[in-house]
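Side chains are part of it too, since the values below use all heavy atoms of this structure and drop only hydrogens, waters and symmetry mates.
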Amino acid sequence: MTVISWIILGLLAGAIAKFLLPGRDPGGLVGTTLIGIVGASVGGWISARWLDHPISKDFYDGATWAAAIGGSLVLLVAYRLLFGNSRD
């Protein structure tokens with residue numbers, strides 16, 4: 001995948017993760033994209049390391065999307081555990 005593909009994947013994965021875990025989190029568009037990109041990296045690492053399923057570099061692969069969204073969810077949960085729940 002190209003850098004543009006990673007940015008688009010990160011933006012969409014971060015947006016889906018924020019939709020699944022609503023609340024007031026830092027970000028906006030840039031924060032959502034960063035959460036998604038880092039989450040995609042974390043999800044790919046978790047998938048390759050512990051699930052024994054290496055992620056392909058195909059943009060349309062379902063496992064890549066699942067790992068990116070799952071990693072973004074892990075990142076959001078970790079943020080809320082470290083800095084408190086901001087759903088007020």
Side-chain angles (χ1 to χ4, degrees):
M1 286 196 309
T2 65
V3 173
I4 301 297
S5 298
W6 278 108
I7 291 171
I8 292 170
L9 175 69
L11 175 63
L12 294 174
I16 291 169
K18 280 192 171 186
F19 176 76
L20 294 174
L21 284 175
R24 294 179 53 212
D25 294 312
L29 184 63
V30 173
T32 300
T33 304
L34 290 175
I35 287 171
I37 291 171
V38 174
S41 300
V42 169
W45 178 74
I46 289 171
S47 177
R49 174 83 175 166
W50 283 295
L51 301 179
D52 197 31
H53 188 277
I55 298 299
S56 71
K57 294 184 179 183
D58 184 23
F59 185 77
Y60 298 106
D61 183 36
T64 300
W65 281 90
I69 294 167
S72 298
L73 288 170
V74 167
L75 200 60
L76 277 176
V77 168
Y79 174 82
R80 290 183 182 169
L81 287 174
L82 291 173
F83 299 108
N85 192 354
S86 59
R87 289 187 181 206
D88 299 333

Looking at [atom1] of [X] and [atom2] of [Y], how far apart are the two atoms once the value is rounded to the nearest 0.5 Å?
{"X": "L76", "Y": "L81", "atom1": "CG", "atom2": "CG", "answer": "11.0 Å"}
{"X": "I69", "Y": "L20", "atom1": "CD1", "atom2": "CG", "answer": "7.5 Å"}
{"X": "I4", "Y": "L9", "atom1": "CD1", "atom2": "CG", "answer": "13.0 Å"}

For residues A17 and S72, report the shortest heavy-atom separation together with the two atoms involved.
->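 Smallest heavy-atom distance, with atoms named: CB-CB, 3.5 Å.
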